[in-house]
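Numbers restart at 1 for each chain; the letters A, B, ... are given by sequence-line order, proteins then strands. Side-chain atoms are counted along with the backbone in the values below, which use heavy atoms only and exclude waters and symmetry mates.
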Protein chains: 2
Amino acid sequence: MQIIPDELDRRMALFEKTLKEAGVKITHQRLEIFREVASSLNHPDAETLFRNVRKKLPTISLDTVYRALWLMVDLGLLTTLGASRDRTRFDANMESHHHFVCSVCGMTHDFYDAGFDRLPVPEKVMEIGKAESVQVRIKGICMRCMRKKEAH
Amino acid sequence: MQIIPDELDRRMALFEKTLKEAGVKITHQRLEIFREVASSLNHPDAETLFRNVRKKLPTISLDTVYRALWLMVDLGLLTTLGASRDRTRFDANMESHHHFVCSVCGMTHDFYDAGFDRLPVPEKVMEIGKAESVQVRIKGICMRCMRKKEAH
DNA sequence: TCCTAATTAGGAACTATTATTATTTAAAAA
DNA sequence: TTTTTAAATAATAATAGTTCCTAATTAGGA
């Protein structure tokens, strides 16, 4: 799946601007890695990106791909899907509930909300597949991490 | 964090009923592993459960813990948090968007919905932490997996 | 109690990711 | 443009989480 060229140009421009402002080097490797993620409409993993980038830069290493990707996540150019960077966690609470996830420490906190339980599934989603459950995930900073931050 | 005893009893009863109906054996190991997840209010990982169960069953192996947990997920007694069972995936789409996740093949599909973008954060969530973004995740079966299923 | 297929323990193997180190390079300064 | 140097890279070793393999054990029906 490929993105429209205009949007890719916009993303590439933002990439250069962001790296310059952060004072990190714009390397050939980082450029090609970002171009690869940014032009994809699905959500590729590091291995897939590595294979594709290697067509242009045959000597690139997987480690470089990982370092570049996490750098871009830190700079706010990319996000990750799922819990990531963390091990699998199990939950015996099968009632409908929602999650608050701390973006600093990764802590996940359940909460209940009757309104969220009844969110209507948008029509266009029905074209993607048959919905079975709707869950809201709120990302933010938990109290403990906020206090730690203030103490600094 | 511990759950109230009544709720634990309810979960244990459901556990026995579900395993019997599925025709799988109710082993001492599976019982203790499930009791451990079911009595926890946070979301423990396999390693943590392993350490706790080992206090009662000193010879249990980590592999048994994993096998038991995934079995319970398959039987609908547990869920996992995050993408799990999958490697990290990266996304260059930083606009507000939401996800449809196929519970069969794991495919994640973006969609946009102005209503979802403006969901109000419930008051009680503010006690947990400072919210930064709200994202809706719809779980279901994608068209491709549905067709495959029908073809059977 | 006996029987047998299902399950387990223990350790090896596998897979995704990160660390180490010598070499190379981007970009600021001359 | 060339020089300089801290930052970044390639290659490979190491680590962490999870799964596989096999002989021994066990749940639960006969």
Side-chain angles (χ1 to χ4, degrees), chain A residues 15-37 43-75 77-78 80-90 106, chain B residues 15-37 43-75 77-78 80-90 106:
Chain A
F15 167 80
E16 297 215 15
K17 179 167 167 285
T18 306
L19 263 68
K20 250 174 212 156
E21 280 176 7
V24 299
K25 292 180 181 172
I26 298 175
T27 65
H28 200 179
Q29 290 86 335
R30 285 175 177 166
L31 252 168
E32 291 307 327
I33 291 164
F34 184 74
R35 191 198 310 285
E36 197 59 40
V37 211
H43 309 95
D45 54 58
E47 185 74 33
T48 304
L49 293 166
F50 172 60
R51 277 199 306 274
N52 289 336
V53 171
R54 200 154 52 165
K55 289 173 194 164
K56 289 183 181 172
L57 306 175
T59 69
I60 201 169
S61 77
L62 182 57
D63 177 50
T64 299
V65 175
Y66 273 107
R67 266 184 296 100
L69 288 170
W70 288 122
L71 171 76
M72 293 166 200
V73 170
D74 288 345
L75 293 178
L77 288 164
L78 302 179
T80 57
L81 300 195
S84 88
R85 249 202 259 229
D86 199 19
R87 53 191 88 171
T88 309
R89 292 171 170 280
F90 297 86
Chain B
F15 168 79
E16 298 215 14
K17 180 167 167 284
T18 307
L19 264 67
K20 251 173 210 157
E21 281 175 6
V24 298
K25 292 180 178 170
I26 298 174
T27 65
H28 199 179
Q29 290 85 336
R30 284 174 178 165
L31 252 167
E32 292 307 327
I33 292 163
F34 184 75
R35 191 198 311 285
E36 197 60 41
V37 211
H43 308 96
D45 54 59
E47 185 75 32
T48 304
L49 294 166
F50 173 60
R51 278 199 306 274
N52 289 336
V53 171
R54 200 153 53 165
K55 290 172 192 163
K56 290 183 182 172
L57 306 176
T59 68
I60 201 168
S61 76
L62 182 57
D63 180 48
T64 299
V65 175
Y66 273 107
R67 265 185 295 103
L69 289 170
W70 288 121
L71 171 75
M72 294 165 199
V73 170
D74 287 346
L75 293 177
L77 289 164
L78 302 178
T80 57
L81 300 194
S84 87
R85 246 201 262 229
D86 200 17
R87 53 191 88 170
T88 308
R89 292 171 169 278
F90 297 86

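Residues meeting the side chain to side chain donor-acceptor pair (under 3.5 Å) test with B:K25, sequence neighbours left out: none. Scanning for salt bridge (Lys or Arg N to Asp or Glu O under 4.0 Å) contacts around B:E36 gives an empty result, with sequence neighbours left out.
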What's touching nucleotides 28-30 of chain C from the protein side, N or O pairs under 3.5 Å?
none

Between the protein and nucleotides 28-30 of chain D, which nitrogen or oxygen pairs come in under 3.5 angstrom?
from	atom 1	to	atom 2	distance (Å)
D:dG28	OP1	B:I26	N	2.8

Please tabulate, one pair per line, each protein N/O and nucleotide N/O from nucleotides 21-23 of chain C that are separated by under 3.5 Å, including the distance.
none

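For the OP1/OP2 pair of C:dA9 and a distance below 4.0 Å, the side-chain nitrogens and oxygens of B:T64 include at least one atom meeting the criterion. At the phosphate of D:dT9, OP1 or OP2 sits under 4.0 Å from a side-chain N or O atom of A:R67.
Note that CG of B:L62 is 10.5 Å distant from CZ of B:R51, once rounded to the nearest 0.5 Å. Separating the CG atom in B:L77 from the CG atom in B:L19 is a distance of 6.5 Å, to the nearest 0.5 Å. Taking NZ of A:K56 as the reference point, atom CZ of A:R35 lies at 5.0 Å (rounded to 0.5 Å). Within the model, atoms CZ of A:F90 and CG of B:L69 stand 4.5 Å from one another, a figure rounded to the nearest 0.5 Å. Going from atom CD of B:E47 over to atom OG1 of A:T88 covers 12.5 Å, rounded to the nearest 0.5 Å. Here the CD1-CG distance, from B:I33 to B:N52, works out to 11.5 Å after rounding to the nearest 0.5 Å.
In this structure, A:F50 and A:T64 have side chains that are not in contact, with every pair of non-hydrogen atoms separated by 4.5 Å or more.
For the pair A:V24 and A:L75, the tightest heavy-atom approach, listed with the atom from each and the gap, is CG2-CD1, 4.5 Å. Listed here is the closest heavy atom pair of A:H43 and B:R89: O-NH1, 2.6 Å. Across every non-hydrogen atom of A:V37 and A:P44, the tightest pair is CG1-CG, 4.4 Å. Residues B:F15 and B:M72 come closest through the heavy atom pair CE1-CE, 3.9 Å.
Going from atom NZ of A:K20 over to atom C1' of D:dA7 covers 17 Å, rounded to whole Å. Summarising the geometry, the separation between CG on B:L31 and P on D:dT26 is reported as 16 Å, rounded to the nearest angstrom. If you measure from atom CH2 of A:W70 to atom P of C:dA16, you get 14 Å, rounded to the nearest angstrom. For the pair A:L62 CG and D:dA14 C1', the computed distance is 14 Å after rounding to whole Å. Here the C1' atom of nucleotide D:dT9 and the NE2 atom of A:H28 are 13 Å apart, to the nearest Å. Taking atom CZ on B:F90 and atom P on C:dA16, their separation rounds to 13 Å, with Å as the unit. Remark: P of C:dT7 and CG of B:L69 are 15 Å apart, rounded to the nearest angstrom.
Counting distance only, with no hydrogens placed and no angle test, the side-chain atoms of A:D45 and the base atoms of C:dA16 include no donor-acceptor pair under 3.5 Å.
Near DNA chain C, meaning a heavy atom under 4.0 Å from it, residues 50-60 of chain B has B:T59, B:I60 in order of number.
Checked against B:W70 for a side-chain contact (heavy atoms from CB on, under 4.5 Å), the options B:V65, B:L78, B:T80 give a single hit: B:T80.
Residue B:R30 is in sugar-phosphate contact alone, with no base atom involved, counting any heavy-atom pair closer than 4.0 Å across all strands shown. When heavy atoms are screened at a 4.0 angstrom cut-off, B:Q29 is found touching the sugar-phosphate backbone but no base atom.
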